[in-house]
Amino acid sequence: SPLAWLLGRMDALPDPWNADKLDALLQGNIAHGVFENLFRTDGELVDRDQVEDAVDDALAEVIRQQAPLLSTAQWKVERNTLRSTLIQAVKSWRDVLDDLGAKVVGVEVPLKGEFDGIPLHGVSDEVVQLPGGKLAVVDFKKSSSAKRRERMELGYDCQVSLYEKMINDNPSELGVEGISETPGIIYYTLND
């Protein structure tokens with residue numbers, strides 16, 4: 001029925017009791033929380049030798065806030081698997097930023113703009129600035145990149161392109177001035 005469809009779209013259907021699970025959405029939310037804690041706008045990168053300890057601390061805090069059940073003994077295997085993935089992903093992203101000489105200038109940045117008369121708004125996972133001043137919009141994904149890469153090659157993956165436009169429209173919201181180049185786009189897939 002149209003009402004059932006509307007309630008489903010609004011996520012307002014009755015939610016019968018289900019067993020707790022560590023699904024892709026929860027893993028993604030936890031991963032985003034860890035990256036938010038470890039890659040801040042203060043310009044300091046996590047010391048490579050301290051990544052495991054930093055991930056452990058950040059992961060414990062995010063689990064405490066978002067999924068306390070994961071801290072129990074019954075979830076040890078899943079928690080350790082997620083921890084291993086995050087350690088590798090944090091090390092790799094840290095190395096990318098270090099190799100590029102990039103600086104994080106925004107984390108969970110609220111963006112706004114307009115496209116063809118339609119108001120836009122969104123939240124970028126991260127915005128980095130390269131040594132020459134160019135900005136890059138970063139979107140962290142917990143999934144692997146195969147389908148996303150295909151969508152980008154076909155030209156119909158627009159999420160980060162819209163973030164790019166919003167940053168271009170309002171660079172001062174990031175506290176950066178004089179940006180003349182169009183921002184770049186980076187998808188960082190944590191499973192890859």
Side-chain angles (χ1 to χ4, degrees), residues 1-39 58-59 61-72 74-75 77-79 81-83 85-86 89-90 93 104 106-128 135-171 173-174 182-192:
S1 78
L3 178 59
W5 175 85
L6 176 63
L7 293 173
R9 294 291 291 171
M10 294 173 54
D11 199 25
L13 290 172
D15 189 19
W17 181 86
N18 288 316
D20 291 313
K21 60 184 174 187
L22 184 59
D23 61 6
L25 179 61
L26 182 55
Q27 288 183 48
N29 288 341
I30 291 170
H32 274 80
V34 168
F35 269 67
E36 277 179 55
N37 284 334
L38 298 181
F39 296 100
L59 182 58
E61 178 62 22
V62 172
I63 285 175
R64 186 186 66 72
Q65 292 174 355
Q66 295 185 23
L69 191 62
L70 288 179
S71 63
T72 64
Q74 293 86 346
W75 290 90
V77 172
E78 293 87 350
R79 186 174 59 248
T81 301
L82 182 58
R83 175 188 179 269
T85 301
L86 286 170
V90 167
W93 183 241
V104 177
V107 177
E108 290 295 313
V109 180
L111 303 170
K112 62 184 175 186
E114 186 176 297
F115 179 75
D116 219 10
I118 300 169
L120 301 171
H121 72 283
V123 178
S124 168
D125 292 339
E126 191 169 280
V127 179
V128 298
L135 296 177
V137 183
V138 182
D139 192 32
F140 297 117
K141 296 292 184 193
K142 180 64 178 83
S143 61
S144 58
S145 64
K147 290 181 182 177
R148 182 162 305 280
R149 184 175 290 128
E150 180 183 334
R151 287 195 306 263
M152 289 176 75
E153 288 169 354
L154 293 172
Y156 68 91
D157 190 77
C158 64
Q159 177 184 0
V160 183
S161 297
L162 292 173
Y163 290 164
E164 170 191 58
K165 174 156 181 28
M166 289 184 272
I167 286 175
N168 215 35
D169 290 349
N170 300 295
E173 295 207 6
L174 290 170
T182 301
I185 300 170
I186 299 172
Y187 278 110
Y188 186 70
T189 56
L190 307 178
N191 285 0
D192 291 342

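Quick note: residue numbers are just sequence positions, from 1. What's counted below: heavy atoms across the whole structure, side chains too, no hydrogens, waters or symmetry copies.
Considering every non-hydrogen atom in both V107 and F39, the closest pair reads CG2-O, 3.1 Å. Considering all non-hydrogen atoms of both residues, I30 and A67 come closest at CD1-CB, 4.4 Å. Taking every heavy atom of both residues into account, V34 and V62 meet most closely at N-CG2, 3.8 Å. For the pair S71 and I63, the tightest heavy-atom approach, listed with the atom from each and the gap, is N-CG2, 3.9 Å. Pairing each heavy atom of R83 with each of L59, the nearest pair is CB-CD2, 3.8 Å. The heavy-atom pair separating L22 from Q27 by the smallest distance is O-NE2, 3.1 Å.
How far CE of M166 is from CD of E114: 12.0 Å, rounded to the nearest 0.5 Å. Rounded to the nearest 0.5 Å, atoms CG (L162) and CG (L111) are 10.5 Å apart. Atoms CG and OG, from L135 and S124 in turn, are 10.0 Å apart once rounded to the nearest 0.5 Å. Between the CG atom of D125 and the OH atom of Y187 there is a distance of 10.0 Å, given to the nearest 0.5 Å. Residue E36 holds its CD atom at 12.0 Å from CD of E61, rounded to the nearest 0.5 Å. With rounding to the nearest 0.5 angstrom, the CG atom of N37 is 7.0 Å from the CD atom of Q65.
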- Message: As a quick check of understanding, evaluate side-chain contact (heavy atoms from CB on, under 4.5 Å) for V138 and V128, giving each step before the final call.
- Response: CA-CA 7 Å; V138 182; V128 298; 4.2 Å; yes

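Between F35 and E108, the closest side-chain pair of non-hydrogen atoms is not below 4.5 Å. No side-chain heavy atom of L190 sits under 4.5 Å from any side-chain heavy atom of K141.
Taking the six-membered ring where tryptophan is involved, the planes of F140 and Y188 are perpendicular, since the angle between them exceeds 60° and thus also 30°.
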